[in-house]
Amino acid sequence: MSNRKVRVRFAPSPTGPLHIGGVRTALYNYLFAKQHGGDFIFRIEDTDSNRFVSGAEEYIAEAFQWLGLPFDEGVGIGGDKGPYRQSERRDIYKKYVDQLLAEGKAYIAFDTPEELDAKRAEIQNFQYDASTRGLMRNSLTLSKEEVDSLIADGKQYVVRFLITPGEDVLVNDLIRGEVRINSSILDDKVLYKSADNLPTYHLANIVDDHLMEISHVIRGEEWLPSAPLHVLLYRAFGWEDTMPQFAHLPLLLKPDGKGKLSKRDGDRLGFPVFPLQWTDPKTGDVSSGYRESGYLPQAVVNFLALLGWNPGTEQELLSLDELIAQFDLSKCSKAGARFDYVKGTWFNHEYILHSDDASLTPAFQEILRENGVETSDERAEKVVSLMKGRISFVRELWPLCKFFFVAPTAYDEKTAKKRWKEYSAQQMTELKDVIANLDDFSMDNQEAVVMAWIAEKEYKTGDIMNAWRLTLVGEGIGPHMFEISHFLGKDETLRRMEKAIETLG
RNA sequence: GGUCCCUUCGUCUAUCGGUUAGGACGAGAGAUUUUCAUUCUCUAAAGAGGGGUUCGACUCCCCUAGGGACUACCA
């Protein structure tokens, strides 16, 4: 088994948008697979027909495309271990269920959900297991004739796994070490439902992982309690020697308060919990996504990777290749991680800072267009290069830099009060002449001439620059003044100064 | 209730028996600056509690407390 090819899977249910915790689980699977030159498989676990949500499968595929974590095999890609959609594997599961039944390792049960509810109400801590199965209506208590006739009558039934009590089941977890659970606390889990001829998660999971030659099952901690059941199932099928290795990841917790991260936390605190925006097909409710909120996919990947794992060095900014090279399941933490969305924005800030200007420009152009600004990519890119160091999201650019494209219509009162002195109009009029006489409007020349003029007149640099900024920007923000005037060009610079002198007096 | 998992600064974490318990986010202070921001420097901030084991415990063991998950004909 140690020489087996690494094959891992991400196997979500198409019940809605993909939760960010699921994204992290998938990411860890991806990192592990790529590190070992293995395969990353996409399987859809749609064995609960009642919970199917249309569009969810497509959403998930699109999310991974955006994140840059491509699958090697599976739904939408293909491969020779398919089909990869569980609803298309009915015949396969049927065969294995029948095998278990024939070998006496599972049995048929006719108890209706209502009858079970009644039992639960009647008996405290009722569990369908060795201690109670004798009281129920199943193939263990009914005669073969009765069972056959019930089935012939079209009575619905389920197949339950026959758990032998009193046995210690050992689960070897790559993150947690040995976890030991006694089979007596396990119940006879439903493996198969006649109602839709579909297996439940537990059966489908084991059969598929075996048939798809999955080497490692890396999944959320919520599966740890049922891991012993899965071990028992592998044993029942005689597949224990090729059973995948398990790794149960810690959960993502709420940023504050108690419990695990939920969609509500995102709504309440104002951050996305889904990779992509999602519109609920039934209610029409829209949930925000990381993509639409302006996160860069690499930033999301980096941020998520470090929530529950770290390379053991002080490096926090890691490219996908670096993550692949350094990822180590044994270095995953065991405790749940609070979802620190503030740090997530810091990651985005860093990734924007290190992105090249051209790659940010299309998103900025879109914002410019929304604000009625038509400009060349070249000019938009110039502003990006000047301003990207100050933002965490591209959309934050507009309020910080709209003066590059739109002349001020008003002058910020506070700034004017502080920066527009009684002599400012006079000084600005003089500066206007200096600028008007410039033949060479290059930044270097502008700076040389203006600074020389300030020195000659023995003006205070701050007085000039602050007032000048007010005339061009309308408030006290923005990059270096010569950057602004150079971008605006001589004519626009003079026009804005004139208007400001007139207005501010 | 039962079972299992977990427990270092507010948060994410490093340490794998011997450290002034380190880094990052966030917070606060200061410096630089032509505004705003950036940047830089500094500061505050942690081993849940109690027992062991050991020359020595954040690190190993036990108990307690707290947190989390699971306990469906859902995954």
Side-chain angles (χ1 to χ4, degrees), chain A residues 11-15 22 45-48 50-51 86 109 111-113 116-117 120 124-125 127-128 156-160 171 173 175-177 179-182 184-187 189-196 198-202 204-205 219-228 248 250-251 253 255-256 258-260 303 306-317 330-331 333-347 349 353 387-391 400 412 415 418-419 454 460-470 473 475-482 484:
Chain A
S13 290
T15 54
E45 308 220 330
D46 52 351
T47 52
D48 184 357
N50 300 319
R51 295 213 307 158
Q86 290 186 331
D111 320 274
T112 65
L116 289 171
D117 284 345
R120 289 189 187 102
Q124 283 241 313
N125 298 329
Q127 185 169 277
Y128 210 120
Q156 300 217 322
Y157 63 90
V158 298
V159 176
R160 285 182 181 272
V171 178
D173 189 279
I175 294 174
R176 286 152 215 283
V179 177
R180 199 177 297 271
I181 293 181
N182 194 282
S184 298
I185 63 127
L186 265 22
D187 64 336
K189 273 274 176 295
V190 170
L191 300 180
Y192 194 83
K193 313 154 272 179
S194 72
D196 50 13
L198 241 24
T200 60
Y201 170 83
H202 303 290
N205 185 260
R219 75 224 308 192
E221 193 185 356
E222 69 268 28
W223 293 109
L224 193 53
S226 51
H248 290 94
L251 264 24
L253 272 21
D256 56 9
K258 293 179 175 186
K260 61 175 178 180
F303 168 48
L306 263 53
L307 230 40
W309 170 82
N310 83 83
T313 64
E314 289 182 355
Q315 185 184 4
E316 297 212 68
L317 264 12
S330 68
K331 278 189 168 163
S333 52
K334 300 183 180 86
R338 277 193 189 277
F339 190 76
D340 185 6
Y341 61 98
V342 176
K343 191 148 188 179
T345 82
W346 174 77
F347 273 104
H349 165 77
L353 194 58
M387 308 296 282
K388 72 175 179 183
R390 344 179 144 205
I391 57 164
L400 291 178
D412 181 65
T415 313
K418 194 171 168 196
R419 305 297 186 191
I454 290 173
K460 277 192 250 169
T461 309
D463 278 352
I464 302 299
M465 293 300 168
N466 289 323
W468 192 21
R469 178 177 301 278
L470 186 62
V473 175
E475 52 186 319
I477 59 166
H480 228 72
M481 279 312 296
F482 298 107
I484 300 173

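Residue numbering restarts at 1 for every chain, and letters A, B, ... go by the order of the sequence lines.
No engagement by Trp468(A) is indicated, since no non-hydrogen atom pair under 4.0 Å with the nucleic acid exists. Among the atoms of the strands shown, none is found under 4.0 Å from any heavy atom of Tyr341(A). Across all strands, Thr415(A) comes closer than 4.0 Å to no nucleic acid atom at all (heavy-atom distances). When heavy atoms are screened at a 4.0 angstrom cut-off, Ser226(A) is found touching no nucleic acid atom at all. Residue Gly344(A) is out of contact with every strand shown, counting any heavy-atom pair closer than 4.0 Å. Residue Arg219(A) is classed as having no contact, given no heavy-atom separation below 4.0 Å to the nucleic acid. If you check every strand for non-hydrogen atoms under 4.0 Å, Asn310(A) touches sugar and phosphate atoms only. Contacts of Ala337(A) with the nucleic acid, taken as non-hydrogen atoms under 4.0 Å apart, involve only primed sugar atoms and P, OP1 or OP2. At the heavy-atom level, Pro479(A) lies under 4.0 Å from base atoms of the strands shown.
Nearer the 5' end of RNA chain B, as judged by each residue's closest nucleotide, is the contact made by Gly312(A), out of Gly312(A) and His480(A). Nearest-nucleotide positions on RNA chain B place Leu253(A) closer to the 5' end than the other of Asp111(A) and Leu253(A).
For the P atom pair drawn from rU19(B) and rA27(B), the interatomic distance equals 34 Å after rounding to whole Å.
From Leu400(A), atom CG reaches atom CE of Met387(A) across 5.0 Å, with rounding to the nearest 0.5 Å.
If you check distances only, the side chain of Arg390(A) never reaches the base of rU38(B) with a donor-acceptor pair under 3.5 Å. At a cut-off of 3.5 angstrom, counting only N and O atoms as typed in the model, there is no donor on one side facing an acceptor on the other between the side-chain of Lys189(A) and the base of rA72(B).
A salt bridge is absent between Asp340(A) and Lys343(A); no separation between the charged side-chain nitrogens and carboxylate oxygens falls under 4.0 Å.
Atom NZ in Lys343(A) sits about 13 Å away from atom C1' in rG10(B), given to the nearest Å. As rounded to whole Å, 12 Å separates atom P of rG68(B) from atom CD of Glu221(A).
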After noting the C-alpha distance and the side-chain angles of His248(A) and Ile175(A), does the key distance pass the side chain to side chain contact (heavy atoms under 4.5 Å, CB included) rule?
-> CA-CA 7 Å; His248(A) 290 94; Ile175(A) 294 174; 6.0 Å; no
Can Met465(A) and Ile454(A) be said to form a side chain to side chain contact (heavy atoms under 4.5 Å, CB included), step by step?
-> CA-CA 10 Å; Met465(A) 293 300 168; Ile454(A) 290 173; 4.0 Å; yes
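Nucleotide rG66(B): paired with rC6(B) (Watson-Crick or G-U wobble, both distances less than 3.5 Å). In a base pair of the Watson-Crick type (N1 to N3 plus N6-O4 or O6-N4) or a G-U wobble (N1-O2 and O6-N3), with each distance short of 3.5 Å, rU34(B) is matched with no nucleotide.
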